[in-house]
Structures are given as structure tokens and as C-alpha cells.
Amino acid sequence: MLRKLLILGVFAGTSASIPIIYQSNPQMVESLLRSSVASGPATSDAQPNVNVASVPSKPATPMPLGRQVLVNADERGHFTSSFKLNGRQVDGMIDTGATLVAINTSTARRIGISLNQSDFTHQVSTANGSIKAAVVTVERLQIGKISLDNVQAVVLDDRALQTNLIGMSFLQRLQKYEVENGALLLVQ
């Protein structure tokens with residue numbers, strides 16, 4: 001009885017994962033279908049002609065797997081993108097080596113964060129050395145369809161940070177992020 005339940009469980013789990021596998025890589029599923037039809041049993045040359053229904057490259061309705069964004073690497077291998085901070089369009093780079101989201105003072109002013117010199121009380125280590133920073137909370141950070149509220153960030157002087165960085169304070173809150181085939185996949 002236990003063996004039958006185990007087999008039934010494996011069958012149900014496998015059946016439920018087919019749509020998920022198809023959505024993540026439809027080309028692989030289509031090629032497996034084509035290869036299984038092409039390499040069928042060769043018992044006789046007079047096999048009936050079987051027409052396999054073509055599977056569209058994208059499902060008609062998206063599977064409820066969350067929101068996904070694919071960011072292609074630029075010519076230098078960096079994942080640069082436009083994103084929104086507090087509803088304002090900003091350019092920057094997604095940096096898995098950055099602990100926090102880091103923005104410069106010009107960007108902070110543009111997105112409605114006003115700071116005084118006395119707010120720069122935290123010492124942070126950057127690629128260019130140690131510098132004073134102000135810790136802030138970005139109300140909303142959005143990249144494509146992915147959106148998170150209340151993301152911790154640091155503000156650095158414009159001379160210390162020329163490119164805004166999306167760091168781990170954003171990335172670690174996603175369901176997953178991974179690099180594949182020269183692109184960064186973000187999944188919420």
C-alpha cells in the first residue's frame with residue numbers, strides 16, 4: 001500500500017511540475033516532445049503518420065509563478081538597467097557584490113529624499129575606500145514588473161558614486177536571482 005502511495009505521489013508531483021518546467025524553458029520541452037516522437041519504436045516502416053499539436057512558444061495565460069525580469073549584460077558584462085525609485089526613472093547597475101542599494105545625493109534629491117550633512121554618519125567601505133554615508137529607506141524600488149517597498153539604501157556623495165547600484169538589500173528579498181546565458185534573471 002505504501003509503495004502505491006509513493007508511486008502515486010511521484011506521478012502527481014511530476015505531473016504538476018510539467019507546466020512549471022514548460023514556462024521556464026519552453027524550447028527544451030518542445031525539443032523533448034519532438035525527439036520522443038522522432039525516436040519512437042522502429043518496429044515497422046508502415047507506421048501511421050502522427051501529428052503532434054504544436055505548443056505555442058508562450059502560454060496563453062501566464063502561470064502564477066511570480067514576476068520575472070531578465071536583464072541582459074552590457075558589453076562590459078555589467079547588468080545595467082533603468083528602474084524606478086519612489087516612482088522616478090533612474091539608471092543604474094545591479095550589483096550582487098553590493099550589500100545595500102546605493103544611490104548618490106543627486107538621485108536622492110530627485111526621488112524626494114532630503115538630507116543634511118549631519119545625516120552622513122555611517123562609515124561604509126566601497127571599492128574606492130571608506131566614505132561617510134547616510135542610511136535611508138527607499139519607499140518603492142521597481143525593476144520592470146518587480147516591485148518592493150521599504151528597501152534599505154545608503155546615500156553617498158556624487159563624487160564617490162557615479163552609478164546608482166541595486167545591491168543585496170533588494171536582491172535578497174526576491175524569490176531568486178541568477179545569472180544564465182549572459183543575463184540576470186530576477187524572480188519575485
Side-chain angles (χ1 to χ4, degrees), residues 17 19-21 23-26 57-188:
S17 65
I20 295 169
I21 293 170
Q23 185 179 14
S24 67
N25 196 345
S57 62
K58 291 188 178 180
T61 57
M63 297 295 291
L65 290 178
R67 296 178 204 124
Q68 298 183 7
V69 173
L70 195 63
V71 180
N72 292 314
D74 64 13
E75 60 278 351
R76 299 174 300 160
H78 296 145
F79 300 107
T80 56
S81 179
S82 290
F83 45 90
K84 289 186 178 181
L85 296 174
N86 294 347
R88 301 285 175 113
Q89 193 76 25
V90 176
D91 291 327
M93 181 171 66
I94 300 170
D95 184 358
T96 59
T99 305
L100 299 169
V101 170
I103 60 176
N104 56 34
T105 52
S106 298
T107 301
R109 276 192 301 274
R110 273 188 39 223
I111 66 170
I113 297 174
S114 59
L115 297 167
N116 296 318
Q117 197 59 35
S118 61
D119 295 322
F120 291 81
T121 58
H122 299 278
Q123 199 75 19
V124 296
S125 297
T126 69
N128 297 325
S130 187
I131 189 169
K132 293 276 189 180
V135 176
V136 298
T137 299
V138 175
E139 291 176 23
R140 176 163 291 208
L141 195 157
Q142 182 177 354
I143 300 175
K145 298 176 185 176
I146 294 175
S147 180
L148 291 176
D149 293 335
N150 302 319
V151 179
Q152 188 177 26
V154 292
V155 178
L156 304 174
D157 186 79
D158 285 351
R159 293 174 302 230
L161 184 66
Q162 296 171 353
T163 302
N164 297 300
L165 301 175
I166 303 298
M168 294 303 293
S169 59
F170 174 80
L171 295 171
Q172 70 186 3
R173 291 178 54 192
L174 300 178
Q175 181 180 339
K176 78 173 183 177
Y177 61 93
E178 65 184 16
V179 177
E180 54 183 48
N181 301 325
L184 176 64
L185 174 65
L186 306 173
V187 179
Q188 184 177 28

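Considering every non-hydrogen atom in both Leu165 and Ala98, the closest pair reads CD1-CB, 4.5 Å. Shown here for Phe79 and Asn72, the closest heavy-atom pair between the two residues is CD2-C, 4.0 Å. Looking at every heavy atom in both residues, Val138 comes nearest to Asn86 through CG1-OD1, 3.5 Å. Summarising the geometry of Lys132 relative to Leu156, their closest heavy-atom pair is O-CD2, 3.9 Å, with the distance given to 0.1 Å. Residues Thr105 and Asp157 share a closest heavy-atom pair of CG2-CA, 4.1 Å. In plain terms, the two heavy atoms of Ala134 and Leu115 that are nearest each other are CB-CD1, 4.0 Å.
At distances below 3.5 Å, at least one donor-acceptor pair connects side-chain atoms of Gln142 with backbone N or O atoms of Gly144. When atom types are taken as modelled, the side chain of Arg110 and the backbone of Gln89 share a donor-acceptor pair closer than 3.5 angstrom. With hydrogens and angles ignored, the 3.5 Å screen pairs no side-chain donor or acceptor of Arg88 with any backbone N or O of Thr107. Panel note: side chain Asp158, backbone Asn104; no donor-acceptor pair is recorded below 3.5 Å. Remark: the backbone N or O of Ser118 is not paired with any side-chain donor or acceptor of Asn116 at under 3.5 angstrom. Judged by distance alone, with hydrogens and angles left aside, the side-chain atoms of Gln152 form no donor-acceptor pair with the main-chain N or O of Val135 at under 3.5 Å. Under a 3.5 Å cut-off, the side chain of Thr137 and the backbone N or O of Asn150 do not form any donor-acceptor pair.
Around the CD atom of Gln162, the shell of radius 6.0 Å holds no more than 12 heavy atoms that belong to other residues, nucleotides or ligands.
Atoms OG and NZ, from Ser147 and Lys84 in turn, are 9.5 Å apart once rounded to the nearest 0.5 Å. For the atom pair CD (Glu139) and CD1 (Ile111), the distance works out to 8.5 Å, reported to the nearest 0.5 Å. Taking CG of Leu85 as the reference point, atom CG of Asn164 lies at 7.0 Å (rounded to 0.5 Å). Note that CG of Leu100 and CD1 of Ile166 are 11.5 Å apart. Values are rounded to the nearest 0.5 Å. The OG1 atom of Thr96 sits 12.5 Å away from atom CD of Gln172, with the distance rounded to the nearest 0.5 Å. Note that the CD1 atom of Ile131 and the OG atom of Ser125 stand 11.0 Å from one another [nearest 0.5 Å].
Side-chain contact check for Leu174 versus Val187: every heavy-atom pair is 4.5 Å or farther apart. A 4.5 Å side-chain heavy-atom check between Asp95 and His78 finds every atom pair outside the cut-off. A 4.5 Å side-chain heavy-atom check between Asp74 and Met93 finds every atom pair outside the cut-off. Considering only heavy atoms from C-beta on, Ile143 comes within 4.5 Å of Phe170 through its side chain.
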Going through the checks in order, is the side-chain contact (heavy atoms from CB on, under 4.5 Å) test met by Phe83 and Ile146?
CA-CA 10 Å; Phe83 45 90; Ile146 294 175; over 6 Å; no

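Using modelled atom types, one finds a donor on one side chain and an acceptor on the other under 3.5 Å when comparing Ser130 with Gln123.
Residues satisfying the salt bridge (charged side-chain N to carboxylate O under 4.0 Å, His left out) test with Asp119, not counting sequence neighbours, are none.
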